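Only one structure is covered here, and it is reproduced in the block below.
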Amino acid sequence: MQFKNELITVLAEESGLEESVFTPLMEIPPQPEMGDLALPCFRLAKEMRKAPALIAEDLKTKIEGKLPWLKKLDVVGGYLNFFYDPALYATAILRQSREEGFSPGSGIEGNGKTVLVEYSSPNIAKPFHVGHAFSTLVGEAIANLYEYRGYKVMRLNHLGDYGTQFGKLITAWKHWGDEKALAEDPITELNRVYVKFHQELAEHPELEDEGRRYFRLLEEKAPEEYALWELFREVSLEAFAKIYRRLNIEFDNMNGESFYSDQIPAVVDLLREKNLLVESEGAQVVDLEKYNLNPCLILKSDGATIYASRDIAAVYYRDREWDFYRNIYVVGLPQKNHFQQVFAVLKEAGFAKADQCIHVPFGTVRFADVAFSTRQGNVILLDDLLAESVSKTREIILANNPDMADSEVDRIAESVGVGAVRYTFLRNGRERDIIFSWDDMLDFEGDSAPYLQYTFARCSSIMRLAEADKIWPLDQVDLEAAGKLLTGQEEQAIFKLAAGFETAVLEALNAHEPSIMLRNISQLARAFNRFYHSSSILHADNEEIIKARLLLTETCRIYLQAGLQLAGIDVLDRM
Ligand code: ARG
């Protein structure tokens, strides 16, 4: 970042253009022979009224000799390519890494701003399936990224704990519920009776009416129905809490949909006051034709509240409560239209922050090798996925370390097995569908969490061995001398990736796309291993080289740690 920033400053000074003209243009050439950084001049041609190649020549003459670390400039076609002095570059990155300590790429531009990240949001009495896992893991990573850049983050879980389906569930429970089964495995039992309700409907259509009646009683807080609903909620929350504990995720607020139910009359009043409510087949809707969207249903013909109204009420509540800078929803792609409608209604109602509400969608999950037992029909539960991943990891660890103590194997298997699942949800662009494959997920050499964790452990073990000798306190090493010993292609590749980490963090945050940040550390891990296999570190020719390589190793270790932690993946000092 530092060299790039200095370069942009000089380019702006010498050309008379704004820095902001250059910032988005700068790119990293695909091959190192083409330079360390490049400025494509094509888009400057219009403004400067000159051919791109001439602009490049002109800028070259102007900035030549202005920056001590700029070893060479080259004009190729319409590109101006910059070559760093590798030793000075190495020293600069090492220095930067020593200065920023364990939070490389963190920042403070978010100070004073509150970002709400809503994620996970499972439905009570329903299984916590892989779709909710997707939301949970992507949401947690996004929350971490915001926090890393100084934002105050509120982690919100908008529990699906309300709606007409609970009238149906109460009906089903009253007919077929089994207390003992509920005590043993509440969600399985509740799901069983709910599924049965729908199976029985064909023969007993009157069940529909019964369900509606119970939902009305629930809305009126009738003691018996309300108590049942509270019980369903409580047992579900206990089951979810176990999952969150295992994933090390804590929410700041778990207001479910039910919480907003009482606030809907106020929303209805507001929409009516603004003349936005129109009647359609007995229901109250907001017309959204000018947004090219279907009307948003606010109140049903029987007066029952619905999903969208609860979401609208929630936005007003959240803003009153937390005065948000951004209100982010990590929810699957199928709900895209729903959020477009909700945000459009807010806009129509004159809510000033409608554009600060953002839907962050994700794709679906499929399985390549579905030799996988599920307890719950065709949905795959996160619990089952984690259990299988950890048990498979356990076998691998044990095969590689037959003498390791059982408790140690368990601890590592849990971190690596859970990490592998997390990484699988995070490593690709989130709108792409995920195809799970155990072979890929647990490939210790592939693009997997175990590979990254293993590389981190490798760096840690090198540092541990070095420190045991206590002869090379790194803070006393001369960084300039070290830089001169780290000019090879492999070392430089590592520095380039480390230097790109902050940009990757920022891009990941802006696009709500943790995969961008993970790609950086995954490439860093590859680069480190290439270096590791071609150069010996602790047995290098002389002490100066050992010290320099240790500094490089420590830099990798810190960046890998930061990236893995942002993704919520455990780092282990040994594996
Ligand atoms: N509970 C919903 C589901 O499982 C997701 C809730 C999304 N959040 C929201 N504010 N509508 O599909």
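All of these numbers come straight from a predicted model, not from anything done at the bench. As the structure lists them, so they are numbered: ligands from 1, and atoms in each ligand from 1.
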Q: Please state which part of Phe339 comes within less than 4.0 Å of ligand 1, counting heavy atoms only: side chain, backbone, both or neither.
A: side chain
Q. At the 4.0 Å heavy-atom cut-off, does Lys126 count as touching ligand 1?
A. no
Q.
With respect to Tyr329, determine whether any N or O atom, backbone or side chain, lies less than 3.5 Å from an N or O atom of ligand 1.
A. no
Q. Is the closest side-chain donor-acceptor distance between Glu200 and His175 under 3.5 Å?
A. no
Q) Is it true that a side-chain atom of Gln284 and a backbone atom of Leu297 form a donor plus acceptor pair closer than 3.5 Å? A) no
(Q) Please list the nearest protein heavy atom to atom 4 (O) of ligand 1 with its residue and the distance rounded to 0.1 Å. (A) His132 NE2, 2.8 Å
Q: Before accepting this row, confirm whether a basic side-chain N of the pair Lys126/Asp161 lies closer than 4.0 Å to the acidic partner's carboxylate O.
A: no
Q. Where is the nearest protein heavy atom to atom 8 (N) of ligand 1: which residue, which atom, and how far?
A. Glu118 OE2, 2.7 Å
Q.
Is it the case that the side chains of Tyr151 and Glu109 hold a donor-acceptor pair, with the cut-off being a distance below 3.5 Å and no angle test?
A. no
Q) Who's the nearest protein heavy-atom neighbour of atom 5 (C) of ligand 1, and how far? A) Ser121 O, 3.6 Å
Q: Look only at the side chain of Asp319 and the backbone of Phe324, and say whether a donor-acceptor pair between them is shorter than 3.5 Å.
A: yes
Q | Shortest protein heavy-atom distance from atom 1 (N) of ligand 1, along with the residue and atom involved | A | Asn123 OD1, 2.6 Å
Q) atom 10 (N) of ligand 1: which protein heavy atom is closest, and how many Å away? A) Asp311 OD1, 2.7 Å
Q | Distance from atom 6 (C) of ligand 1 to nearest protein heavy atom, with residue and atom | A | Tyr307 OH, 3.4 Å
Q.
Glu257 versus ligand 1: do any nitrogen or oxygen atoms come within less than 3.5 Å of each other?
A. no
Q: Please state whether Gln335 comes within less than 4.0 angstrom of ligand 1, counting heavy atoms only.
A: yes
Q: Show which atoms of ligand 1 fall inside a sub-4.0 Å distance from at least one heavy-atom site of Val331.
A: 7 (C), 8 (N)
Q | Candidates Phe251, Tyr329, Phe134, Tyr244 - the one meeting ring pair (Phe, Tyr, Trp, His ring centres under 6.0 Å) with Tyr119 | A | Phe251
Q) Under the 3.5 angstrom rule, does the side chain of Ser236 hit a backbone N or O of Ala125 as a donor-acceptor pair? A) yes
Q. Quick one: do Arg246 and Glu414 make a salt bridge, cutoff under 4.0 Å?
A. yes
